[in-house]
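Structure, as structure tokens:
Here the structure is a predicted model, which is why all the values come from computation and not from measurement.
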Amino acid sequence: QVQLVESGGGLVQAGGSLRLSCAASGRTFSNYAMGWFRQAPGKEREFLAAIGRSGVNPSYADSMKGRFTISRDNAKNTVTLQMNNLKPEDMAVYYCAASYLVRGTWDYWGQGTQVTVSS
């Protein structure tokens with residue numbers, strides 16, 4: 001079992017930045033690819049970024065346009081999402097997720113952290 005806990009969300013002004021963190025429990029963190037998603041009210045879940053077990057070649061949704069950066073620290077069982085130049089449309093609940101074997105299949109999810117962007 002893997003438990004994921006997001007933190008770092010909150011209220012920011014448009015144009016500001018936030019760094020989201022996801023802390024994973026268990027001894028197998030380095031065996032999982034990690035990803036970040038978000039879901040706004042009335043919208044479907046949206047993929048943001050993913051990073052492999054070794055931390056190489058992170059991938060991003062094209063719509064992020066370089067504003068978001070994913071990274072991981074396997075020694076600390078942590079994955080982060082740095083978000084810059086936040087916009088009101090970025091307001092959503094942000095989730096981290098873990099994938100063990102199958103690419104694109106997310107086996108574990110955190111409870112989410114709210115990001116609110118004021119105009």
Side-chain angles (χ1 to χ4, degrees):
Q1 296 283 354
V2 174
Q3 291 187 340
L4 306 173
V5 180
E6 302 94 338
S7 63
L11 175 64
V12 298
Q13 197 171 27
S17 299
L18 281 176
R19 182 189 297 109
L20 305 183
S21 296
C22 177
S25 65
R27 62 184 183 274
T28 60
F29 175 77
S30 62
N31 292 333
Y32 290 81
M34 300 295 298
W36 283 98
F37 299 77
R38 70 185 180 189
Q39 187 168 22
K43 298 183 178 180
E44 64 183 46
R45 175 174 50 86
E46 178 185 15
F47 168 79
L48 300 176
I51 190 166
R53 290 173 290 175
S54 65
V56 300
N57 296 325
S59 62
Y60 301 91
D62 291 339
S63 60
M64 299 301 103
K65 299 181 179 179
R67 296 188 298 123
F68 292 4
T69 302
I70 188 172
S71 61
R72 70 187 296 162
D73 186 340
N74 288 345
K76 298 181 179 179
N77 287 5
T78 300
V79 62
T80 64
L81 184 70
Q82 177 67 43
M83 306 188 295
N84 298 324
N85 191 25
L86 287 164
K87 305 174 181 180
E89 55 262 40
D90 294 321
M91 184 171 64
V93 177
Y94 284 70
Y95 300 90
C96 67
S99 176
Y100 181 52
L101 290 175
V102 181
R103 187 182 303 170
T105 298
W106 299 96
D107 303 296
Y108 300 97
W109 294 84
Q111 293 300 306
T113 184
Q114 176 70 49
V115 172
T116 302
V117 184
S118 62
S119 301

Task: disulfide bond (SG atoms under 2.5 Å apart) partners of residues 89-119, not counting sequence neighbours, each pair once - done: C22-C96

Open item on the list: Are M64 and I70 linked, directly or through intermediate hydrophobic residues, by side-chain heavy-atom contacts shorter than 4.5 Å (ILVMFWY only)?
Closed with: yes

Open item on the list: Restricting to non-hydrogen atoms, name the atom on S71 and the atom on V79 that form the minimum distance, rounded to 0.1 Å.
Closed with: O-CG2, 3.1 Å

Open item on the list: Run the side-chain contact (heavy atoms from CB on, under 4.5 Å) test on F29 and R72 for me, step by step, so that the C-alpha distance in whole Å, both residues' side-chain angles and the decisive distance to 0.1 Å come before the verdict.
Closed with: CA-CA 10 Å; F29 175 77; R72 70 187 296 162; 3.3 Å; yes

- [ ] Please answer whether the main-chain N or O of A61 pairs with a side-chain N or O of S63 as donor and acceptor at a distance below 3.5 Å.
- [x] no

- [ ] Using side chain to side chain donor-acceptor pair (under 3.5 Å) as the criterion, list what pairs up with N84, not counting sequence neighbours.
- [x] S17, Q82

Name the atoms and distances for all side-chain donor-acceptor pairs under 3.5 Å in residues 100-116, with sequence neighbours left out.
residue: D107; atom: OD2; partner: Y100; partner atom: N; Å: 2.8
residue: T113; atom: OG1; partner: G9; partner atom: N; Å: 3.2
residue: Q114; atom: NE2; partner: A92; partner atom: O; Å: 3.3

Task: CG-OH distance between L81 and Y95, expressed to the nearest 0.5 angstrom - done: 15.0 Å

Open item on the list: For S119, give me all partners under side-chain contact (heavy atoms from CB on, under 4.5 Å), at least two apart in sequence or on another chain.
Closed with: P88

TODO: State which residues pass side-chain contact (heavy atoms from CB on, under 4.5 Å) with S7; sequence neighbours excluded, sorted by chain then number.
DONE: S21

Return a table of donor-acceptor pairs under 3.5 angstrom between the side chains of residues 34-57 and protein atoms on other chains or two or more places apart.
residue: W36; atom: NE1; partner: T80; partner atom: O; Å: 3.4
residue: R38; atom: NE; partner: E46; partner atom: OE1; Å: 2.8
residue: R38; atom: NH1; partner: D90; partner atom: OD1; Å: 2.8
residue: R38; atom: NH1; partner: Y94; partner atom: OH; Å: 2.9
residue: R38; atom: NH2; partner: E46; partner atom: OE1; Å: 3.2
residue: Q39; atom: NE2; partner: K43; partner atom: O; Å: 3.1

- [ ] For the pair S25 (side chain) and Q3 (backbone), establish whether a donor and an acceptor sit closer than 3.5 Å, ignoring hydrogens and angles.
- [x] yes

Open item on the list: Using side-chain heavy atoms (C-beta onward) and a distance below 4.5 Å, is V117 in contact with Q13?
Closed with: no

Task: Close side-chain approach of N74 to Y32, heavy-atom, < 4.5 Å - done: no

